[in-house]
There are 2 protein chains.
Amino acid sequence: MEEPLPPMEAIDLIQQQISILIRRSESERTAQQDTNRLDRSAYLMLGFLVNEGTLTVGQLAEFLQLDISTASRQVRALEDKGLIARTPDPRDGRISRVDLTEEGRQRFLAAKTSRLRRYRQLLSDWSAQDLTQLGAYLVRLNQAYYESIRYSHKQLDEREEPGR
Amino acid sequence: MEEPLPPMEAIDLIQQQISILIRRSESERTAQQDTNRLDRSAYLMLGFLVNEGTLTVGQLAEFLQLDISTASRQVRALEDKGLIARTPDPRDGRISRVDLTEEGRQRFLAAKTSRLRRYRQLLSDWSAQDLTQLGAYLVRLNQAYYESIRYSHKQLDEREEPGR
DNA sequence: TATTTCGGTTGTATAATACATATATTGTCT
DNA sequence: AGACAATATATGTATTATACAACCGAAATA
C-alpha cells in the first residue's frame, strides 16, 4: 500500500527536473535587465536579514551555505551599495553585526515584488490548491536537504573528536 | 473569479523555496567528492544525447539554454574527456554532429545511478503518491518557464521585423 | 559571382565561488 | 600576567561557468 508503483521513475523524474530547473535559473541570472533585480545570493542574504534581524557574517555564511570568505565579500559588496551596514559588536571586537539599511529593505521589497510578479504570471493557470501543495513540497524537499547536510556534518565532527 | 483564494502567500513561498533550492545546489557543486559526479551541465548534455541521439552544438545550446559559445566549449571539454565524439556533417560542412561515445554513455549512467541513490535516500520517507505529484509539478513548472521564454523570444523576433 | 546568412570557434571579460593564509580579538592554562 | 589556542573575519589567489563580440569557413541567395 505504501508503494503501489515503483517510485524509481518518479525519483528519476524529480532529479532530472530539478537539474533542468537549476540550469534554467542560471541562464536567467545574466539575462535579466530588470533594474530591481538582485542576484540570488544577495536576494537571499537580504531576505535572511529581513526575517532574522541582525546577523553576523558567519551566520549568513551558514544560512547561505557559503564559505565565510565568500560571505564576507558579498557582505562588503552589499555594504558598498549601501544596502547593509556593519557595526562592530561592542562585546566582541572580532564580530561584525550586519544590519539592513532602509535602502536595503526597500530594494529587497522591490526585488521581491518583481519576482512575485514574474512568478504570478508564470503560475497564473495553477489552482490555489496546486500552488499550496507545490510550496509545501518544496519546503519539505529543502528541509530534507538541510537535514542530510547537517547529518553529514555531525558525522564529520564525531570523526574529528573520536574519544570524546 | 480568477483568484478564489489569495495564492500570493503560496507563490511567495514557492519563489523563496526555489531560490533556496538553487542556492543549495550550487553549494553542492564544489563540495562533491563523488567520482561518478558530472557537473550539472555535462550531466544534462549527456542526458540529452542519451534521449535524443545525435545533436548539433547549436541544438545542445538551445536545449540547455546556453550561449552557443559556452555550449561549444562544453562540447570540447567532453570530447577531451572522451565522453562524446564530433563528426562533421557530410551534407553541410559547418555542422558538427555530436554523439555519445560508449564511455560517455557509461559515465552518464553511473552518474545517474549516483544521483538516484542520493535522491532515493533523501526522499525515502515520501509516499509514492507525493513523489509522483512532485514530479508532475516540476515538469509543469519547467514547462511554464520554457513557454514564457519562447514567448518572449517570439516577441523579440516580431519587434525586429515590424512590417512583416 | 558577390553578398548575406549560418553554424561554430576563439578572444576576452566578469561573477561567484573555495581554499589557503593572514590579522586581530578573545579565551584558557599554568 | 604571559603564552598559546581558538575564533571571526578579511585578503590573496585560482578555478569555473558564463556571455558577448569578433571572427572563420561553408552554404544559400540575390
Side-chain angles (χ1 to χ4, degrees), chain A residues 19 22-33 37-45 54-81 84-98 149 157 160-161, chain B residues 19 22-33 37-45 54-81 84-98 149 153 156-157 160-161:
Chain A
S19 283
I22 289 167
R23 170 79 276 284
R24 187 208 37 73
S25 94
E26 294 219 320
S27 80
E28 285 204 339
R29 181 164 66 188
T30 43
Q32 287 289 343
Q33 67 272 28
R37 178 123 192 125
L38 291 168
D39 67 81
R40 187 171 51 253
S41 283
Y43 181 76
L44 283 169
M45 191 173 269
T54 306
L55 292 171
T56 69
V57 175
Q59 285 173 324
L60 286 167
E62 189 189 339
F63 282 138
L64 296 165
Q65 291 174 53
L66 286 172
D67 188 272
I68 194 173
S69 68
T70 305
S72 170
R73 284 176 225 270
Q74 285 188 4
V75 164
R76 192 175 55 185
L78 292 176
E79 192 181 30
D80 290 347
K81 289 182 192 156
I84 61 175
R86 267 185 292 197
T87 49
D89 188 304
R91 311 194 186 178
D92 184 336
R94 295 168 299 184
I95 295 176
S96 271
R97 294 159 52 84
V98 180
I149 286 165
D157 290 351
E160 276 166 2
E161 37 183 311
Chain B
S19 284
I22 290 166
R23 171 78 276 283
R24 186 207 37 73
S25 94
E26 294 219 320
S27 80
E28 285 203 339
R29 182 164 64 188
T30 43
Q32 288 288 344
Q33 67 272 26
R37 178 127 193 123
L38 291 167
D39 68 81
R40 186 171 50 255
S41 283
Y43 181 76
L44 284 168
M45 191 172 269
T54 305
L55 293 171
T56 70
V57 176
Q59 286 173 323
L60 286 168
E62 189 190 338
F63 282 139
L64 295 166
Q65 290 173 51
L66 286 173
D67 188 273
I68 193 176
S69 67
T70 305
S72 170
R73 285 176 223 270
Q74 286 188 4
V75 164
R76 192 175 52 186
L78 291 175
E79 193 181 30
D80 290 349
K81 289 182 193 157
I84 61 176
R86 266 185 293 197
T87 49
D89 188 304
R91 311 195 187 178
D92 184 337
R94 296 169 298 182
I95 293 177
S96 269
R97 297 158 52 83
V98 180
I149 285 164
H153 283 182
L156 214 67
D157 290 350
E160 276 167 1
E161 35 181 313

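Note that these values count all heavy atoms, side chains included, but never hydrogens, waters or copies made by symmetry. Chain letters run A, B, ... following the sequence lines, proteins first and then strands; every chain starts at 1.
Across the helix from C:dT1-D:dA30 to C:dT30-D:dA1, the helix axis at one end is tilted relative to the axis at the other end by 10° (nearest 10 degrees, each axis from five pairs).
A close approach under 4.0 Å does occur between a side-chain nitrogen or oxygen of B:Gln74 and OP1 or OP2 of D:dT18. OP1 or OP2 of D:dT18 lies within a sub-4.0 Å distance of a side-chain N or O belonging to B:Ser41.
Across all strands shown, A:Arg40 has no heavy atoms under 4.0 Å from either base or sugar-phosphate atoms.
For B:Arg73, there are no salt bridge (charged side-chain N to carboxylate O under 4.0 Å, His left out) partners at least two apart in sequence or on another chain. Looking at residues two or more places apart in sequence or on another chain, you find a side-chain contact (heavy atoms from CB on, under 4.5 Å) between B:Arg86 and B:Val75, B:Arg76, B:Glu79, B:Ser96, B:Val98. For the side-chain hydrogen bond (donor to acceptor under 3.5 Å, both in side chains) test, no residue two or more places apart in sequence or in another chain qualifies with B:Asp89. Residues passing the salt bridge (charged side-chain N to carboxylate O under 4.0 Å, His left out) test with B:Asp92 are B:Arg94, sequence neighbours excluded. Scored by the salt bridge (charged side-chain N to carboxylate O under 4.0 Å, His left out) test, A:Arg40 finds B:Glu26 as partners (sequence neighbours excluded). Partners of B:Thr87 under the side-chain hydrogen bond (donor to acceptor under 3.5 Å, both in side chains) rule, at least two apart in sequence or in another chain, do not exist in this structure. In this structure, the side-chain contact (heavy atoms from CB on, under 4.5 Å) partners of B:Gln74, at least two apart in sequence or on a different chain, are B:Ser41, B:Met45, B:Leu66, B:Thr70.
Side-chain atoms of A:Arg24 never come within 3.5 Å of backbone atoms of B:Gln65 as a donor-acceptor pair (strictly under, hydrogens ignored).
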Heavy-atom protein contacts under 4.0 Å, nucleotides 6-12 of chain C, coded B base, S sugar-phosphate only, - none: BSBBBBB
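Computed from coordinates, the A:Ile22 CD1 to D:dT18 P distance equals 12 Å when rounded to whole Å. One can place CG of A:Leu60 at 16 Å from C1' of C:dA16, the figure rounded to the nearest angstrom. Regarding B:Gln65, its CD atom lies at a distance of 18 Å from the P atom of D:dA17, rounded to whole Å. At whole-Å resolution of the value, CG in B:Leu38 and C1' in D:dA17 are 16 Å apart. Distance B:Arg91 CZ to D:dG25 P: 25 Å, rounded to the nearest Å. The distance between atom CD of B:Glu26 and atom C1' of D:dT18, rounded to the nearest whole Å, is 12 Å. Distance, A:Leu78 CG to D:dT9 P: 16 Å, rounded to whole Å. As rounded to whole Å, 11 Å separates atom C1' of D:dA8 from atom CG of A:Asp89.
Heavy-atom nearest nucleotides on DNA chain C were determined for A:Asp39 and for A:Gly93, and the one closer to the 5' end corresponds to A:Asp39.
Taking every heavy atom of both residues into account, B:Ala61 and B:Ile68 meet most closely at CB-CA, 3.8 Å.
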